[in-house]
Amino acid sequence: AIAIGIPVMRTLGLSYPDKATTLHVLPPLLRIRLAFARRSIESVGDLPRMTDPVKEAVMNLSVRVGSVAYFESQELWALAIAKPLLQFLKHGNAPIAAYVYAGYGVLLAGKLGDVDAGYRFAQLGMRLMERFDERQFKCRILFIFNCLIRPWRDPVRDALEPFLEAYRFGLDVGDLEFAAMSYWHHYHFGLQCGVELRTLVRDGEKYDHAIDPLKQETIRQVKNICHQTVRNLMTVTAEPSMLVGDEYDETRELPVRLAANDHFTIYVLHLYKAMLSCLFGDARQCLANAATAVGHLDAVGSLSMATLG
């Protein structure tokens, strides 16, 4: 999608480099910063509707390319947020602007450390989502806010029900990737904020039948890691940080993930192993697993679990 999308966007007037770097990202980010020196974040919601259908189509394509790039190139993802945002400031808002403003909130909160402004941009995106009745990207906008921005300010438990709402919207519009991500984060956040373990098991049994057919292999992997972690917490084992059982077998799966360079799954696996080691009092294994997880941290992007590593 990236290899096809970038040349198409160039022909339509929105230039992207073949390999984005920080030097490509800084100029549009500075232009955005200057633009908001003269206006409030909230005032952008009152901009008129974009009227050029070609420009709107290019914005939609840019966002879709950026979504694919998130775990492959954070720089390209940032460009795919910043460039459309500048276009919306100049030519007016379109339905996809709701996603772009929420994405810019992620950049501010997760990358630039401005949590307050990031939260306000995400709120702007949520308001525009309702104004335009933007159903196609509603799952992604809800996911962005509740996973990538909200945990910096609000209790994690507040995101549990919105993740299920995002999951349902994703299924409705065929956004299977983010539907699966939303379900898994409902489970992951539930474990982190102390939802009773038997409740988590029941939730897993309730939703697994809907997730596995979506054929999102990475999400299936990390979901099963999470399930096995819960099983280890409920069962006495000789090595509680070894995720080997009916839900997941790291001795079988980890070599496959390493061969596939699946850094995201490897990070999640060792994050949970570190958590189990800590809970069961094995400081040495906890530090070893945490160090391994940190080695794959780049794959996590701005996900809130990056702070746990």
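Only heavy atoms go into these numbers, but all of them, side chains included; no hydrogens, no water, no symmetry mates.
Residue Ala102 comes nearest to Ile144 through the heavy atom pair O-CG2, 3.6 Å, listed as atom of the first residue, atom of the second, then distance. Residue Ala20 comes nearest to Leu79 through the heavy atom pair CB-CD1, 3.9 Å, listed as atom of the first residue, atom of the second, then distance. Of all non-hydrogen atoms in Ala35 and Leu89, the two that sit nearest each other are CB-CD1, 3.9 Å. Between Glu56 and Pro95, the closest heavy-atom pair is OE2-CD, 3.6 Å. Residue Cys286 comes nearest to Ala274 through the heavy atom pair SG-O, 3.5 Å, listed as atom of the first residue, atom of the second, then distance. Annotation for Leu29 and Ala82: closest pair CD2-CB, 4.1 Å, computed over non-hydrogen atoms.
If you take CG on Asn224 and CZ on Arg231, they are separated by 11.0 Å, rounding to the nearest 0.5 Å. Of the inter-residue distances, the one linking Asn146 atom CG with Leu164 atom CG reads 10.5 Å to the nearest 0.5 angstrom. Atom OG1 in Thr251 sits 9.0 Å away from atom CD in Glu253 (nearest 0.5 Å). Between the CG atom in Leu276 and the OG1 atom in Thr229 there is a gap of 5.0 Å [rounded to 0.5 Å]. In this structure, the separation between CD on Glu239 and CG on Asp282 is 9.5 Å, given to the nearest 0.5 Å. Distance check: Ile266 CD1 to Arg257 CZ gives 8.5 Å after rounding to the nearest 0.5 Å.
Residues Phe169 and Val173 do not share a hydrophobic cluster, clusters being chains of Ile/Leu/Val/Met/Phe/Trp/Tyr side chains in contact below 4.5 Å. In the hydrophobic clustering of this structure, Leu85 groups with Leu112; members are Ile, Leu, Val, Met, Phe, Trp, Tyr whose side-chain heavy atoms approach within less than 4.5 Å, directly or through other members. Both Tyr248 and Leu258 belong to a single network of hydrophobic side chains, linked directly or stepwise wherever heavy atoms of I, L, V, M, F, W or Y lie under 4.5 Å apart. Under the 4.5 Å side-chain contact rule for hydrophobic residues, Met275 and Leu297 share a cluster. Put simply, Leu26 and Leu86 are part of two different groups of oily side chains (I, L, V, M, F, W, Y) that touch within less than 4.5 Å, one to the next.
Among Leu108, Asp114, Leu107, the one residue that satisfies the side-chain contact (heavy atoms from CB on, under 4.5 Å) test with Lys111 is Leu107. Of the options Arg140, Lys138, Arg64, Arg135, a salt bridge (charged side-chain N to carboxylate O under 4.0 Å, His left out) to Asp175 is made by Arg140 and by none of the others.
Residues satisfying the side-chain hydrogen bond (donor to acceptor under 3.5 Å, both in side chains) test with Ser62, not counting sequence neighbours, are Tyr16. Listed by chain and residue number, nothing satisfies the side-chain hydrogen bond (donor to acceptor under 3.5 Å, both in side chains) test with Thr237 (two or more places apart in sequence, or in another chain). Legend: residues meeting side-chain hydrogen bond (donor to acceptor under 3.5 Å, both in side chains) with Arg202, ordered by chain and number and at least two apart, are Thr199. With sequence neighbours left out, Ala180 forms a side-chain contact (heavy atoms from CB on, under 4.5 Å) with Ile211, Leu214, Gln216, Ile219. Residues meeting the ring pair (Phe, Tyr, Trp, His ring centres under 6.0 Å) test with Tyr183, sequence neighbours left out: Tyr207. Checked against side-chain contact (heavy atoms from CB on, under 4.5 Å), Leu197 has the following partners two or more places apart in sequence or in another chain: Leu191, Leu200, Val230, Leu233, Met234. Residues satisfying the side-chain hydrogen bond (donor to acceptor under 3.5 Å, both in side chains) test with Glu130, not counting sequence neighbours, are none. Residues satisfying the ring pair (Phe, Tyr, Trp, His ring centres under 6.0 Å) criterion with His296, sequence neighbours excluded, are His263.
One N or O on the side chain of Arg131 and one on the backbone of Gly45 form a donor-acceptor pair closer than 3.5 Å. One N or O on the side chain of Ser43 and one on the backbone of Ser40 form a donor-acceptor pair closer than 3.5 Å. For the pair Lys273 (side chain) and Asn289 (backbone), a donor-acceptor distance under 3.5 Å is absent. Of the possible polar contacts, none joining the Glu247 side chain to the Gln228 backbone as a donor-acceptor pair under 3.5 Å is found. In terms of modelled atom types and a separation under 3.5 Å, the side chain of His186 and the main chain of Leu160 share a donor-acceptor contact.
Sequence neighbours left out, the pairs with a member in residues 225-245 that pass ring pair (Phe, Tyr, Trp, His ring centres under 6.0 Å) are Tyr187-His227. Applying the salt bridge (Lys or Arg N to Asp or Glu O under 4.0 Å) test to every pair with at least one member in residues 93-105, sequence neighbours left out, gives no pairs at all.
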Report the C-alpha separation of Trp77 and Gln74 in whole Å, then their side-chain angles, then the decisive distance to 0.1 Å, and conclude whether the side-chain contact (heavy atoms from CB on, under 4.5 Å) test is met.
-> CA-CA 5 Å; Trp77 170 75; Gln74 288 281 294; 4.2 Å; yes
Verdict with reasoning, Tyr167 to His185, per side-chain hydrogen bond (donor to acceptor under 3.5 Å, both in side chains) = CA-CA 10 Å; Tyr167 162 74; His185 275 83; over 6 Å; no
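In this structure, the side chains of Asn60 and Tyr99 stay at 4.5 Å or more apart for every pair of heavy atoms. A heavy-atom distance below 4.5 Å is not found between the side chains of Leu142 and Ser182. Using a 4.5 Å heavy-atom threshold, the side chains of Lys223 and Thr218 count as separate. The closest side-chain heavy-atom distance from Phe163 to Trp184 is not below 4.5 Å. Side-chain atoms of Asn93 and Phe132, non-hydrogen and from C-beta on, do get closer than 4.5 Å to each other. At a threshold of 4.5 Å between non-hydrogen side-chain atoms, the residues Leu171 and Cys139 do not count as touching. The closest side-chain heavy-atom distance from Val195 to Arg157 is below 4.5 Å. Side-chain contact between Lys55 and Gln87: present, with at least one pair of heavy atoms (C-beta onward) separated by less than 4.5 Å.
Checked for salt-bridge contact, Glu165 and Arg168 miss the test: no charged N lies under 4.0 Å from a carboxylate O.
Hydrophobic cluster membership for Val244: Met242 (Ile, Leu, Val, Met, Phe, Trp, Tyr linked by side-chain heavy atoms under 4.5 Å, directly or transitively).
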Sequence neighbours left out, cut at 3.5 Å: what donor-acceptor pairs do the side chains of residues 118-129 make with other protein atoms?
residue, atom, partner, partner atom, Å
Tyr119, OH, Asp154, OD2, 2.8
Arg120, NE, Glu42, OE2, 3.0
Arg120, NH2, Glu42, OE1, 2.8

